[in-house]
Asker: 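Quick one: the structure is below, and I'll ask about it shortly.
Letters go in sequence order (proteins before strands), and every chain restarts at 1.
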Amino acid sequence: MSSVSSQPQFRYTQPPSKVLHLRNLPWECTEEELIELGKPFGTVVNTKCNVGANRNQAFIEFEDLNQAIQMISYYASSSEPAQVRGKTVYLQYSNRQEIVNNKTTADVVGNVLLVTIEGEDARMVSIDVLHLVFSAFGFVHKITTFEKTAGYQALVQFSDAETATSAKNALDGRSIPRYLLPEQVGQCSLKITYSAHTDLTVKFQSHRSRDYTNPYLPVAPSAIDSTGQVTVGVDGKKMEPESNVLLASIENMQYAVTLDVLHMVFAAFGAVQKIAMFDKNGGLQALIQYPDVQTAVVAKEALEGHCIYDGGFCKLHITYSRHTDLSIKVNNDRSRDYTMPNPAVPMLQQPVQNPYAGNSQQYHAAGGSHHQQQQQPPQGGWAQQGGQGSMGMGGHNPYMAPPSSGSMHQGPGGHMPPQQYGGPGPMH
DNA sequence: AGCACA
C-alpha cells in the first residue's frame, strides 16, 4: 500500500521553474513579443505562444531559474502589471520544467485535423455527428475525441492533406448544422487546425474513438495479454480475473436465443464444453465454459458488445465468470454438457443420438432457414462433437444474419437448432 | 484568468 502522494493538484503558488506560464495574452501575440517581455530579466531560450483553445496563453523558458524568479518577483511587487499590446498579462511559474516544442505547430498542412468544438453543449456532439460532418469531404479514416483544457476536441484523419484541407476550409469557424444536432443542443462551432499527426492510433472502437478503416473492431488480437483493460466499468473496476468460463448476458432479445444458437456463436472460437442458461433480473444470461482461458479471452474480445443477429438484436455483454467448471446436472434446453457423450436425459429419448456417430459438424450457418422445423426442443442440436472440436482457432466471423435471412443450409445431417423462436426476421 | 495534441 504505497500511500498516494496527496499533493494538492491545485496550488496557488507553483514552485519555481525556468518556465513561466502566461495567460490573458492577446491572441495576436508573437514569440518576439514574449522575448521582449522576458528580456529585461534574463535570456529567453524558448517560447510557446498561442496556446490553448483561445490562443491566449503562452510559455516563456529562461536560461536560468533565477531569471525566471526575477521576473516573477518583479511583477509580484510592481504597480505596473506585465503587458502585451496594452493587455495585462498574468504570470506564474509553470508546472513544467521545460517547454516541449513540437516545432511543427499549426501551420503544417497534413491529413489530420485538430478540431475544437465550441459551444455550451459542445460535448453533446457525438463522434457520429462529427463523422457525418467530415465525411462530406472524403473518407474519414479515424476520429478520436478527448477533453482537455482547450475544451472538447477531436482529431479527424483523412487519407490525404488535400481532403483535409478542403474540410478545414469549408468548416473552420462554421457551426454544425442544426439538423444534425438534437433539439435541445445549442449551437456548436468548429475551430480547425492541422494536427501534426499523420496516423492516429485507435485501439478500441468506443464512444470516444473510432477507426472506420477497421470495422472488425473490438480489441487487440493478442489474447494472451489483455492488459487489465477488461470491461472498464463506469466505476473503473478493473477486477475481473480472466476465466475459462464466460458470463454472457443478452440485451434487446427480440429473438429467442436458444442453447444451440449460443453454442453456435461461441463454438466459433473453440470447443465449448458446457453451457448453462438462466434468467437474471428480466434478462437472459448464460455461462459458457471453454477448456482454457485463452479461448475464452479470444471469444470475449471478439463477441463483447456484438449482436447475435443483425440489426442490433440480441446484443451480447460478456464478462468473465468466477466459475471454472460448471456443474450441469441435466441436459435440457437450458443447460448442456457437451463433454458427456450421452448423458441421461430423463424426460424423453433424444432422437439424434450419439454425437460421435457421424463426424459431426459444427454449426456454421446462421440461425438458418427453419423450413423443416423439427419440433424437438430439448434435444435439438447435438451437432457438436464432444470434447475437442475441430475448430481450433478462434476468430471466425461469428456474426450471423437474423434467423430468417441467414439461409445457409446445414449440410448432411444438418441439425436445425430448435426453432423456439417463431418470429420472422427483421427483413420481413 | 489557471498549463501545451489523447
Side-chain angles (χ1 to χ4, degrees), chain A residues 7-27 29-31 34 38 44-62 68 71-72 75-76 81-118 122-123 127 130 134 141-158 164 168 172 190-211 227 229 232 236:
Chain A
Q7 209 170 33
Q9 213 58 316
F10 299 103
R11 38 171 78 238
Y12 294 96
T13 61
Q14 291 286 341
S17 164
K18 288 185 303 185
V19 182
L20 302 184
H21 175 228
L22 319 197
R23 52 188 198 272
N24 199 40
L25 290 157
W27 61 269
C29 180
T30 64
E31 301 210 343
L34 294 178
V44 175
V45 295
N46 206 349
T47 65
K48 192 181 181 79
C49 56
N50 304 323
V51 165
N54 298 326
R55 317 260 153 176
N56 61 358
Q57 298 178 47
F59 297 91
I60 295 177
E61 180 176 341
F62 282 101
M71 185 169 183
I72 291 292
Y75 284 112
Q83 288 185 211
V84 170
R85 303 194 188 199
K87 245 190 131 185
T88 295
V89 174
Y90 300 89
L91 297 174
Q92 68 182 158
Y93 296 114
S94 171
N95 56 21
R96 307 214 192 175
Q97 290 308 118
E98 62 180 6
I99 292 178
V100 296
N101 255 353
N102 291 347
K103 206 39 192 172
T104 53
T105 33
D107 329 62
V108 180
V109 177
N111 65 317
V112 178
L113 299 177
L114 171 63
V115 181
T116 305
I117 300 103
E118 300 184 323
R123 66 192 58 100
I127 197 166
L130 292 175
F134 284 89
H141 287 224
K142 302 174 184 176
I143 298 181
T144 66
T145 63
F146 46 95
E147 187 93 33
K148 282 214 342 247
T149 54
Y152 180 52
Q153 294 187 302
L155 290 163
V156 180
Q157 177 177 342
F158 286 101
K168 178 177 183 292
D172 191 14
L190 304 173
K191 274 200 181 163
I192 305 178
T193 61
Y194 292 105
S195 162
H197 285 98
T198 57
D199 192 16
L200 305 174
T201 302
V202 173
K203 296 208 187 80
F204 316 105
Q205 310 282 33
S206 74
H207 61 295
R208 310 198 55 199
S209 61
R210 298 284 169 78
D211 181 346
T227 55
Q229 26 81 11
V232 275

Asker: Quickly work out the A:L114 CG to B:dA6 P distance and round it to whole Å.
Answerer: 10 Å
Asker: A:I60 has an atom CD1; how far is it from atom C1' of B:dC3, in whole Å?
Answerer: 14 Å
Asker: At 4.0 Å (heavy atoms only), tell me whether A:N95 reaches a base, stays on the sugar-phosphate, or touches nothing.
Answerer: base
Asker: Please check if any side-chain donor atom of A:Q57 sits under 3.5 Å from a side-chain acceptor atom of A:H21, or the reverse.
Answerer: yes
Asker: Before giving the answer on salt bridge (Lys or Arg N to Asp or Glu O under 4.0 Å), spell out for A:E98 and A:K18 the whole-Å C-alpha distance, their side-chain angles and the decisive distance to 0.1 Å.
Answerer: CA-CA 7 Å; A:E98 62 180 6; A:K18 288 185 303 185; 5.8 Å; no
Asker: Using side-chain contact (heavy atoms from CB on, under 4.5 Å) as the criterion, point out the one residue from A:L155, A:T201, A:V156, A:D199 that pairs with A:K142.
Answerer: A:D199
Asker: What's the NZ-C1' distance between A:K48 and B:dA4, to the nearest Å?
Answerer: 6 Å
Asker: If you compare every side-chain N and O of A:R208 against the phosphate oxygens of B:dA6 (OP1, OP2), does one of them come in below 4.0 Å?
Answerer: no
Asker: Indicate, with a heavy-atom threshold strictly under 4.0 Å, whether A:T201 touches base, sugar-phosphate, or nothing.
Answerer: base
Asker: Within this structure, what is the OH-to-P distance between A:Y90 and B:dA1, rounded to whole angstrom?
Answerer: 6 Å
Asker: Which comes earlier along DNA chain B counting from the 5' end, the contact point of A:N24 or that of A:F146, where each point is its nearest nucleotide?
Answerer: A:N24
Asker: Is the closest side-chain donor-acceptor distance between A:Q153 and A:T116 under 3.5 Å?
Answerer: yes
Asker: Side chain of A:R23: nearest nucleotide among B:dA1, B:dC5, B:dC3?
Answerer: B:dA1
